[in-house]
Every structure is written in structure tokens, then in C-alpha cells.
There are 2 protein chains.
Amino acid sequence: MTWGTPQPERADAARNRQVLLAAARELLAEAGPDCLTMDLLAERSGLGKGTVFRRFGSRAGIFQALLDDSERELQERVLSGPPPLGPGAPAIDRLIAYGTARVRFLADHHAVARATIDGRHAAGRRRPLSEIHLRVLLREVHLPGADIEVLAGQLAYALDGPLLLQLFAGPELEGPEPTARFEAGWRDLVERVCGVSGA
Amino acid sequence: MTWGTPQPERADAARNRQVLLAAARELLAEAGPDCLTMDLLAERSGLGKGTVFRRFGSRAGIFQALLDDSERELQERVLSGPPPLGPGAPAIDRLIAYGTARVRFLADHHAVARATIDGRHAAGRRRPLSEIHLRVLLREVHLPGADIEVLAGQLAYALDGPLLLQLFAGPELEGPEPTARFEAGWRDLVERVCGVSGA
DNA sequence: GGCATAAGCGGGGTAAAGTCCGGTTAGGTC
DNA sequence: GACCTAACCGGACTTTACCCCGCTTATGCC
């Protein structure tokens with residue numbers, strides 16, 4: 001009995017989770033997020049509706065799981081990829097690089113990110129992973145008198161919020177042009193907050 | 001025919017809007033946001049369900065209208081109230097004062113604010129009013145090389161995001177203690193962004 | 001004041017989210 | 001290998017957001 005993780009999930013449950021995620025991605029790719037219904041997902045995956053809800057709790061939960069899965073790849077690059085995104089560069093450079101990577105990530109996954117939010121269920125909203133990364137990096141920069149916890153939260157939303165609003169509103173702002181402005185804005189914000197005197 | 005405003009709304013329609021908003025507030029007060037259903041609202045207001053949807057577009061739209069209504073009062077104080085929230089104080093002081101007022105506002109209305117968000121419909125998400133105010137004030141502060149539009153969006157979300165997350169997650173964080181931390185965090189952020197050298 | 005027209009209105013209908021509970025099965029124990 | 005328990009599974013059921021289309025009524029013109 002090797003409990004490297006306490007495995008709170010039974011083998012069949014884990015298998016079904018994978019089946020469901022795969023079916024969800026499939027439906028997502030062929031018909032878009034709006035057409036992904038719980039009934040359809042259950043039917044397509046060959047499982048019952050009760051199972052779908054047991055696994056993900058709600059419709060938003062499915063998208064959250066999908067997004068988490070995609071985010072893990074970004075997390076890997078932050079934790080052990082090449083600098084400046086990964087370890088080895090000065091903290092400020094890593095902060096800026098993270099912003100750029102995050103903007104790209106959100107631009108790529110905005111349809112899923114949108115389906116994540118749900119005003120009815122509290123479960124949907126979680127502390128974004130960004131906040132953890134930002135907190136660690138901000139601690140490396142020495143900022144006397146700053147409340148790092150709060151500051152990390154503020155920056156996490158400063159990064160995600162405006163871009164998501166833009167992506168939700170506009171029809172399809174593809175291409176590098178609009179995201180470039182957000183990336184530049186993020187760099188500027190980070191430098192201001194960290195007291196880099198550009199003047 | 002005095003069209004001071006182009007009056008896109010018929011007289012009876014305007015009256016019904018008021019009836020519906022009043023009924024919504026009533027239901028909200030006595031049973032909470034989760035119990036406010038469209039059918040119940042229609043029944044209580046003595047109008048048809050179709051009318052409710054015609055007026056507000058969706059469930060989230062009702063809460064948005066409610067929130068807009070409440071926000072108007074804050075807006076008044078910003079535009080023509082006493083300083084430092086209203087005109088007459090230095091821009092930085094006004095920025096800080098606005099943050100404090102906004103934190104209080106969100107803390108008071110978080111239940112309604114939460115019901116506003118809806119991942120299904122694009123109509124729900126709008127540019128927050130904060131962003132307009134922040135843009136004006138930031139322009140007064142002379143920030144060379146800053147993209148004011150983007151910066152205003154970033155700060156608007158830095159202000160709302162973390163607090164809303166906190167309010168959504170916790171059961172009921174009433175009292176002045178937790179909001180005080182956000183208010184202090186906002187002051188610090190504004191001073192950093194505007195280059196006030198506190199050190 | 002009657003009329004044309006366009007907007008407002010109503011409530012029944014549909015589809016999809018989320019719940020429930022009886023039957024089933026995995027996984028550990030003796 | 002048999003048994004026990006707890007977790008899992010399925011699909012019928014309920015609730016509710018949202019749509020639709022024929023009826024009603026406000027408003028401007030003759």
C-alpha cells in the first residue's frame with residue numbers, strides 16, 4: 001500500500017473522470033461551450049448524469065476542471081522551465097514574464113474561462129493559481145511596508161480582469177495586437193509597484 | 001414633444017420597470033437572492049413572465065439593474081459630494097477615498113453583485129463604473145509613459161476582485177476588520193502606482 | 001375622436017441544471 | 001475466497017431560466 005497520495009478516489013472513479021474530461025474536450029471542440037450540456041456529456045461519455053454531477057458538482061465545475069488541467073502545463077513551465085518564466089531570473093523579470101504568459105493563456109482559453117464563472121454557486125470561484133506565484137515572487141522583491149497577501153490578490157485580478165472583460169465583450173479579438181497592450185500594461189504596472197524608477 | 005431624452009421607453013413600460021424593481025427588492029429583503037426566481041417575481045409584481053424578461057433580459061440583468069441603481073448614489077457623491085471623495089481634493093487623495101467608498105459599497109451589496117455574474121450571457125459583464133472614475137483621476141495625476149486606459153482597468157479589478165472573492169468565499173465577513181485590510185492595501189497600491197515615495 | 005402601427009404584454013412550452021434514492025461494485029479484512 | 005461496508009452509478013424527477021407568438025394597448029396622424 002503505497003500512499004504517495006492518500007488516493008481519495010477509487011480506481012473506477014478516476015477512470016470515469018478521465019472519460020468525462022475527454023468527452024468534454026471532444027464536445028467543446030466540435031460544438032463550442034454553449035452546446036456542452038450535462039445530458040449530452042453523459043450520453044456521449046456513456047455514463048449517467050448522476051456521475052457527471054458527482055464528479056464535477058456543477059456545469060461550471062467541468063469547465064473549471066478543464067481549465068485547471070490546461071493551467072497545469074503553464075504551472076510546470078513556471079516551476080521548472082527556462083528563465084525568465086522559470087527559476088533563475090530576477091524576481092521582477094519573472095513577474096513580467098509571468099504576466100505575458102498568463103495573457104497568452106487567457107487569450108487561448110477564454111471560452112472555457114468564461115464558462116467557469118457562475119453567480120449561483122460559491123464553489124466556482126477559487127483563489128487563482130496566479131496569486132500563489134505572484135505572492136512568492138513579490139516576497140523575493142523586497143517591498144517594505146507592503147501587505148504581500150493583499151498585493152498579490154490585487155495584481156492577480158489586475159492581470160486577469162481587464163483582459164477577460166475584453167475577451168468576453170468583443171466577438172473574437174484574435175491576433176497579437178490587442179494582447180500586446182495588456183502585456184505592456186502589465187510590465188508598467190509591475191515596475192511601478194516594485195518601485196523601478198523608469199523616469 | 002419634448003425629447004430631452006429620446007425616451008425609448010413607453011410610459012407603461014417605465015412604470016412596470018419601477019414595479020418590478022420594487023418587487024425585486026422586496027423579495028430580496030425577505031428571502032435572499034437565491035429565492036428570487038423569475039416566476040415568483042412575476043407573480044409578486046402582478047405582471048407576466050414575458051414582461052420580466054423583456055425588461056431585464058435575464059435573471060442576472062435584474063441584479064445588474066438593482067446594483068446600478070444603488071451605484072448611482074455612490075456616483076453622485078463622487079461627482080458632487082464633499083472632498084476628498086468629491087471634487088476639490090488632490091487626485092491621489094480622491095483615488096484613495098474612492099477605494100474606501102467602493103470597498104464599503106461592495107461589502108454592503110456583495111449578495112447582489114454576486115448574482116450579477118453569469119458565464120452564459122455576454123450581456124452581464126460590463127465595464128464597471130469604477131473604471132471611468134479611475135481613468136479621470138489618473139489622468140489628473142501626471143503619469144508619464146502610462147497607458148491610462150489599461151491602467152484604469154487594472155486598478156478597477158485590483159479593487160473589486162480580491163474583495164469580492166473574499167466575500168463570496170467566506171460565510172459572512174461583516175464588521176470593519178477585514179475590509180480595513182483591503183482599504184489599506186488599496187492606499188498602498190495607489191501610492192506605489194502614482195510614485196509617491198513613502199520610503 | 002377614430003384609426004394604423006408598433007411596441008408592450010402574458011402565460012404556456014421547452015430545455016437544461018441540479019437532486020434523489022435504490023441498485024451495484026470496488027477494495028479491504030478475516 | 002467469502003463477506004462487509006462504503007462509495008459509486010444511473011436515470012427518473014423537480015425546478016427554473018428563457019423562448020415564442022397571438023393578444024392588448026399606447027401613441028401619433030388624419
_Could you go through B:Glu131 and B:Arg135, starting from their C-alpha distance and side-chain angles, then the distance that decides it, and tell me whether this counts as salt bridge (charged side-chain N to carboxylate O under 4.0 Å, His left out)?_
CA-CA 6 Å; B:Glu131 198 170 329; B:Arg135 201 181 302 179; 3.6 Å; yes
A:Lys49 NZ to C:dC21 C1', in whole Å, measures 15 Å
Residue-phosphate contact under 4.0 Å: A:Asn16 side-chain N/O, D:dC8 OP1/OP2
no
- Message: Students often get this wrong, so: under 4.0 angstrom with heavy atoms, is B:Leu47 touching a base, only sugar-phosphate, or nothing?
- Response: sugar-phosphate
Quiz item: How would you label the contact of B:Arg15 with the nucleic acid (heavy atoms, under 4.0 Å): base, sugar-phosphate, or nothing?
Solution: nothing
Hey, does A:Asp147 have a side-chain heavy atom less than 4.5 Å from the side chain of B:Asp188?
no
Note to self: For a quick check of understanding: with a heavy-atom distance under 4.0 Å over all strands, which category does B:Arg54 fall into, base, sugar-phosphate or nothing?
What the structure shows: base
Assign each of A:Asp39 and B:Gly57 the nucleotide of DNA chain D bearing its closest heavy atom; nearer the 5' end lies the nucleotide of A:Asp39
Margin query: Hydrophobic clustering (ILVMFWY, side-chain heavy atoms < 4.5 Å, transitive) - are B:Ile92 and B:Ile132 grouped together?
Written below: no
Sorted by position of nearest nucleotide on DNA chain D, 5' first, the leading residue of B:Arg59 and A:Gly48 is A:Gly48
In whole angstroms, the gap separating P of D:dG11 from CZ of A:Phe53 amounts to 15 Å
Hey, are B:Tyr98 and B:Ser130 close enough side-chain-wise for a donor-acceptor pair under 3.5 Å?
yes
